[in-house]
Protein chains: 2
Amino acid sequence: MNYPKSQEILEEIKKAKKILVNCHRSPDADSVGSALATYLALKKMGKEVKVICPDNISEDVKFLPHSEVVEKIDFGKFDFGQWDLFLILDSGSPGMATGKREGVLPEIATIVIDHHKTNGKFGRINLVDENISSTGELLFSIFEDWGVEINKDIAQNLLAGIITDTGVFEYPLVTSRTLDIARALIDKGGDRQEIILNIFKNIDFIKVKFWGEILTRMEKDEAGFVWSAVSHEDFKKSGSPASAKESAASLFAPIVAGTDFGMIMVEEEKGILSVSLRSRGGFDVSKIAEKLGGGGHLSAAGAKVYVSDFDQAVLKVLEAARKVVNENQKK
Amino acid sequence: MNYPKSQEILEEIKKAKKILVNCHRSPDADSVGSALATYLALKKMGKEVKVICPDNISEDVKFLPHSEVVEKIDFGKFDFGQWDLFLILDSGSPGMATGKREGVLPEIATIVIDHHKTNGKFGRINLVDENISSTGELLFSIFEDWGVEINKDIAQNLLAGIITDTGVFEYPLVTSRTLDIARALIDKGGDRQEIILNIFKNIDFIKVKFWGEILTRMEKDEAGFVWSAVSHEDFKKSGSPASAKESAASLFAPIVAGTDFGMIMVEEEKGILSVSLRSRGGFDVSKIAEKLGGGGHLSAAGAKVYVSDFDQAVLKVLEAARKVVNENQKK
């Protein structure tokens, strides 16, 4: 038994006939893959299952087996009364699950299964393990507890979650257990190459070009970090590529020799400078994000700075960063 | 027994007292890590061992345990007569091993252990498996055959080779066996994070800036590929960053949605346009490289184009690429 709570959850499932499974807002492959793997496992148990999502799923996750069953619903209007149980996966908060700011959950039994550090444990039963790379990896262990036989489609959906949330086995939470699970999923028919091609080698040309804009503007600060900032005008000129800042941050912020971290700032909306921070080693970038009213993890954090003047906003971020570096050195 | 030839090689080792192990020219972490792991395994067997290399090892591989034992030698002058056996690892040709263009090998018994597709099998015994991700992975299987106990330092050296030659478990030759071996090496004390930090998060700032130059110049061709070309003048202006073309090719050439491959061209030396090609899926880029007098693999290939005029050289590469695309479509 990997988790004592697996058994408790399985008993709830056994009692239920009709089960809902969620994907979170703007769902990534860990959200959709986890939901579809659970859908397939519950179907095997003879349950009636529906996968619901506050958003449409994006093109790049449609390769996932059975992705066509995900149904976009309005959580404010959906009739939850007809369902016995709601499995909420990969969502740290009710708002993340429902896509509504207020995030009010339906009044049916809910079970939360997640790996987010910030999970509010808002279900009737909560199985949250923040040390696991992905909900896909967590579900593998839960399915093991449940005795679910992993077929090819379940394998592909779980593997997609693991590969996505680890940046292809690169991020810090990858352990030998992660690799062992990935090996098992590949042996069951999971297609590593298909996942990598769809998730990491399927980048819009305008996004790649925008990375170039970010890199040519990159500067190295004496305090031991790199940074780059793009104004709203230049962002628009580049075609306003979606999520380019986050991808650029993950790729380029934590890789420069002789630095502790990196920050990518893009004024995605006029007057709002959005900042993504990534640590290269042990430096806790969440401290900088907190100074700016944001938050996050040791190695990845973010914040939004509201200043009407772009240069002022950039300066505010740089000063916050230098201050945290100084405070660290004093210790 | 993973390889019948392991036994044959072990018998040669048992007969020898003094054994040389090579790193190849401009050795990467798979070369150095493999050599050091072999050094440690042979020392355990009570042998006198020396690791030799035609070049100095670079700063980024000095974190490998026992890297200080690698000795730079001139293969033309070194006295091989005092040694009984020469293990040549991770080298596809004598020239790659010796760093000399003519590549003449010393007249002592040599054993070649390698994973390069183009390996010329120039040893007395050759254990070459082109389907393996790295020499590190290959050696794990050989050590298993030999009954070598994997300690922490051997684990770190082998894992470094695997992680380096797979781009952190991303490239096509990664199998479930690769992940299983990596898991075993981590369990023996291999430090995945230290390797990633030293190899992939230790990039010179000028190289990162040069990636920006490459990306801002990137164009999408109607034939279904992306390309970017930088002249010698602009390369010099960017500080002539070493191996920036190869890293940019691996990172950016095979990732653009709606394309089959990408090409990065840099006129690193005046009058010589060096091209790195990377395939996004099944497209065989080695066919384009061959048309240009180069070579390589299906997913990664390269060529050098000697034309005095930069624009002419770029055009020559583009035309070769479009021609291969056309030939493929006719089939």
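Numbered from 1 within each chain, the chains take letters A, B, ... in sequence-line order.
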Novice: Who passes ring pair (Phe, Tyr, Trp, His ring centres under 6.0 Å) against B:Phe200, sequence neighbours left out?
Specialist: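 Once residues adjacent in sequence are excluded, B:Phe200 has no partner under the ring pair (Phe, Tyr, Trp, His ring centres under 6.0 Å) criterion.
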Novice: Pick whichever of A:Ile203, A:Leu179, A:Ile186 has the most heavy-atom pairs under 4.5 Å with chain B.
Specialist: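 Looking at each of A:Ile203, A:Leu179, A:Ile186 in turn, A:Ile203 comes out on top.
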Novice: Let me know if B:Leu197 has heavy atoms under 4.5 Å from chain A in its side chain, its backbone, both or neither.
Specialist: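 Answer is both: backbone and side chain atoms of B:Leu197 are under 4.5 Å from chain A.
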Novice: So which residue, B:Ile163, B:Ile255, B:Leu215, ends up with the most heavy-atom pairs under 4.5 Å with chain A?
Specialist: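 Greatest number of close heavy-atom pairs with chain A: B:Ile255.
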Novice: Compare all side-chain heavy atoms of A:Val168 with those of B:Val168 and state whether any distance is below 4.5 angstrom.
Specialist: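 Side chain of A:Val168 against side chain of B:Val168, heavy atoms only: no contact under 4.5 Å found.
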Novice: In terms of the angle between their ring planes, are B:Phe169 and A:Phe169 parallel, tilted or perpendicular, with boundaries placed at 30° and 60°?
Specialist: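 Rings of B:Phe169 and A:Phe169: perpendicular, over 60°.
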Novice: Can you say whether B:Val226 sits under 4.5 Å from chain A via the side chain, the backbone, both, or neither, judging by heavy atoms?
Specialist: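 B:Val226 touches chain A through side-chain heavy atoms alone.
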Novice: Hey, what donor-acceptor pairs show up under 3.5 Å between chain B and chain A?
Specialist:
unit_1, atom_1, unit_2, atom_2, d
B:Phe169, O, A:Arg192, NH1, 2.7
B:Glu170, O, A:Arg192, NH1, 3.3
B:Tyr171, O, A:Arg192, NH2, 2.6
B:Ser176, OG, A:Asp187, OD1, 2.5
B:Asp180, OD1, A:Arg183, NE, 3.4
B:Arg183, NE, A:Asp180, OD1, 3.4
B:Asp187, OD1, A:Ser176, OG, 2.6
B:Arg192, NH1, A:Phe169, O, 2.7
B:Arg192, NH1, A:Glu170, O, 3.3
B:Arg192, NH2, A:Tyr171, O, 2.6
B:Lys201, O, A:Arg280, NE, 2.5
B:Lys201, O, A:Arg280, NH2, 2.9
B:Asn202, N, A:Ile255, O, 3.3
B:Asn202, OD1, A:Arg280, NH2, 3.3
B:Ile203, N, A:Ile255, O, 2.8
B:Ile203, O, A:Ala257, N, 2.8
B:Lys209, NZ, A:Thr216, O, 2.8
B:Lys209, NZ, A:Met218, O, 2.8
B:Thr216, O, A:Lys209, NZ, 2.8
B:Met218, O, A:Lys209, NZ, 2.9
B:Ile255, O, A:Asn202, N, 3.3
B:Ile255, O, A:Ile203, N, 2.8
B:Ala257, N, A:Ile203, O, 2.8
B:Arg280, NE, A:Lys201, O, 2.5
B:Arg280, NH2, A:Lys201, O, 2.8
B:Arg280, NH2, A:Asn202, OD1, 3.3

